[in-house]
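Take a look at the structure below.
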Amino acid sequence: KTISSFYNQSAIDAAAEKASVRLTPTTMLYSGKSPDGSHILKSAKYLYKELPVRIAHRIKGFRRLPFIIGCNPTILQVHELYIRAFQMLSDFPPVTNGKTETRYGKLVQQLLDDHKDVVTMLAEGFKECRKHIQDESLIRSFLDNTLTSRLGIRMLATHHLTLYEDNPDFVGIICTRLSPKKIIEKWVDFARRLCEHQYGNSPRVRINGHVAARFPYLPMPLDYILPELLKNAMRATMESHLETPYNVPDVVITIANNDIDFVIRISDRGGGIPHNIIGNVMNYHFTTAEETSQDGKTNPFYGHLLSSGPQSGPMHGFGFGLPTSRAYAEYLGGSLSIQSLQGIGTDVYLRLKHIDGREESFRI
């Protein structure tokens, strides 16, 4: 096959014309169990139709990028990953019985593994070609769409694969009695370990508010957003107390729960975000730890705020943590907002809609 036929397949165009079918978490919750196990086959049939459509939409997004950016080898690599995924999903025979369904599950798992580094690769790619970016808003909407769509695909795929598991508090990826306090504590431990490794100490964290709250929710997006926000708070605290690293103010987290949404506020005493960069912290920045540590001499705040990568990463990374968290929160019908008390510290508010709340839920 010629190169161009790999990139321009009529099947991709046809699939991209279709609208994706987005599910509410309540639908996923209630169709996620059945006495005879038929729900697993139904779920596979849904994915079989849905995944190629969603992936085709993403491929169209790559095609629309300005030529010089779309040609970047790292971005092209991600583009090609999506085309290969489309081909593998399209070539798979229709899912009709338990046997094909098991094989289909293995393919979905393989694709999840193949795509696990996509966020890092995109950050790398845009960093490499950032001097060619003329229209920031175009790249922002490309990344918002690509990253949230990827989150949706990964949630649906992981949901399907975890329907097999018999976990008492879970239906697929939905925890039926999620404790915000418990999941916050898990990521506090993670962020403190990173912070201690980097700075020799870490701030203590106090959690107050509705600490006993439990409700059905999806841990998966929180597993991305929380470590990002906690790393930022701890890094700001340590960077603004370099003279007294063993005597630093606590980070205070407040949980507020009501019948429409829940809010997690993370308050640090890390000096706040300076006026001149507060307007930029929600934009995608293509910085690396090395660059920020040089920047750090001239502007210490760039060092600890604009840089942050996927949760596995160190205290520094790409300037992707906050904007990605914002995009995820908005995708889930919520918001991420920042109040900076310059000279004192920063409050970050993560607001997320309940999946069974009084108002209409979001769709995945």
Side-chain angles (χ1 to χ4, degrees), residues 58 61-62 64-66 68-70 72 74-75 78 118-151 221 224-233 235-236 239 266 268 270-296 298-311 313-332 334-342 345-351:
R58 296 290 50 83
F62 279 98
R64 286 197 199 106
L65 283 172
I68 192 159
I69 293 169
N72 169 276
T74 317
I75 291 172
V78 181
V118 159
V119 180
T120 315
M121 288 163 75
L122 286 173
E124 278 281 3
F126 280 106
K127 195 187 88 214
E128 288 161 7
C129 58
R130 66 173 180 262
K131 58 178 172 295
H132 303 301
I133 296 175
Q134 265 132 23
D135 186 352
E136 291 256 334
S137 64
L138 186 133
I139 301 303
R140 178 173 170 150
S141 65
F142 170 81
L143 284 168
D144 280 359
N145 289 333
T146 304
L147 296 174
T148 56
S149 163
R150 174 178 179 274
L151 175 69
Y224 182 91
I225 297 171
L226 288 173
E228 289 303 333
L229 303 183
L230 291 164
K231 284 193 300 189
N232 281 342
R235 197 187 303 138
E239 292 274 341
I266 301 178
D268 69 62
I273 305 162
H275 294 87
N276 61 333
I277 61 173
I278 185 82
N280 276 329
V281 294
M282 288 297 191
N283 297 339
Y284 294 96
H285 283 269
F286 312 109
T287 57
T288 65
E290 295 74 70
E291 289 171 83
T292 47
S293 56
Q294 288 153 17
D295 277 351
T298 50
N299 186 347
F301 296 100
Y302 262 109
H304 71 231
L305 212 127
L306 300 184
S307 53
S308 182
Q311 49 171 337
M315 287 303 268
H316 283 298
F318 308 102
F320 258 54
L322 275 176
T324 305
S325 300
R326 169 195 54 77
Y328 287 174
E330 289 171 6
Y331 177 74
L332 300 166
S335 62
L336 181 70
S337 55
I338 293 186
Q339 290 294 338
S340 179
L341 291 77
Q342 283 84 359
T346 302
D347 287 359
V348 179
Y349 298 84
L350 173 64
R351 185 180 288 274

Evaluation steps, side-chain hydrogen bond (donor to acceptor under 3.5 Å, both in side chains), between Glu128 and Thr74
CA-CA 9 Å; Glu128 288 161 7; Thr74 317; 2.9 Å; yes

Report the C-alpha distance between Tyr331 and Asp144 in whole Å, list the side-chain angles of each, state the deciding distance to 0.1 Å, and finish with yes or no for side-chain hydrogen bond (donor to acceptor under 3.5 Å, both in side chains).
CA-CA 9 Å; Tyr331 177 74; Asp144 280 359; over 6 Å; no

Strictly under 6.0 Å, is that where the ring centroids of Tyr328 and Tyr224 end up?
yes

Residue from Arg326, Glu330, Arg351 passing side chain to side chain contact (heavy atoms under 4.5 Å, CB included) with Leu336
Arg326

Side chain to side chain donor-acceptor pair (under 3.5 Å) partners for Arg150, two or more places apart:
none

Taking atom CD1 of Ile139 and atom CD1 of Ile133, what is their separation to the nearest 0.5 Å?
4.5 Å

Under a 4.5 Å cut-off applied to non-hydrogen side-chain atoms, are Thr120 and Phe320 in contact?
no

Could you walk me through whether Ile69 and Phe126 pass side-chain contact (heavy atoms from CB on, under 4.5 Å), step by step?
CA-CA 8 Å; Ile69 293 169; Phe126 280 106; 3.7 Å; yes

Test your reading of the model: is there a side-chain donor-acceptor pair from Thr148 to the backbone of Ala327, 3.5 Å cut-off?
no

Nearest non-hydrogen partners of Pro323 and Asn283, listed with the distance
CG-O, 3.5 Å

Grab the two heavy atoms, one from Leu322 and one from Met282, that are nearest each other, plus how far apart they are.
O-SD, 4.1 Å

With a 3.5 Å distance limit and no angle check, can you tell me whether Ser141 reaches the backbone of Leu138 through a side-chain donor-acceptor pair?
yes

Can you name the nearest heavy-atom pair linking Ser325 to Gly321, along with the distance?
OG-O, 2.7 Å

As an exercise, state the distance from CZ of Arg58 to CG of Asn145, rounded to the nearest 0.5 Å.
5.5 Å

Can you give me the closest heavy-atom contact between Ala329 and Ile225, atom names plus distance?
N-CD1, 4.2 Å

If I take atom CG from residue Asp135 and atom CZ from residue Phe142, how far apart are they, to the nearest 0.5 angstrom?
13.5 Å

Partners of Tyr349 by ring-ring contact (aromatic ring centres under 6.0 Å, His included), sequence neighbours excluded?
none

Gap between atom OG1 of Thr346 and atom CD1 of Ile278 - 0.5 Å precision:
6.5 Å

For Ile68, does the CD1 atom sit with more than 12 other heavy atoms under 6.0 Å from it, leaving out its own atoms?
no

Under a 3.5 Å distance rule, please check whether Gln342 uses its side chain to pair with a backbone N or O of Ile273 as donor and acceptor.
yes

Measure the spacing between CG of Leu350 and CD of Glu228 and express it to the nearest 0.5 Å.
12.5 Å

Rounded to the nearest 0.5 Å, what's the gap from CG on Leu122 to CG on Leu147? Could you check?
6.5 Å

Go through it in stages, so that I can follow the logic: the residues are Asn232 and Val348, the test is side-chain contact (heavy atoms from CB on, under 4.5 Å), and I'd like the CA-CA distance, side-chain angles, deciding distance and then a yes or no.
CA-CA 10 Å; Asn232 281 342; Val348 179; over 6 Å; no

By side chain to side chain contact (heavy atoms under 4.5 Å, CB included), which residues pair with Ile266, not counting sequence neighbours?
Leu229, Leu230, Ala233, Val251, Ile253, Ile264

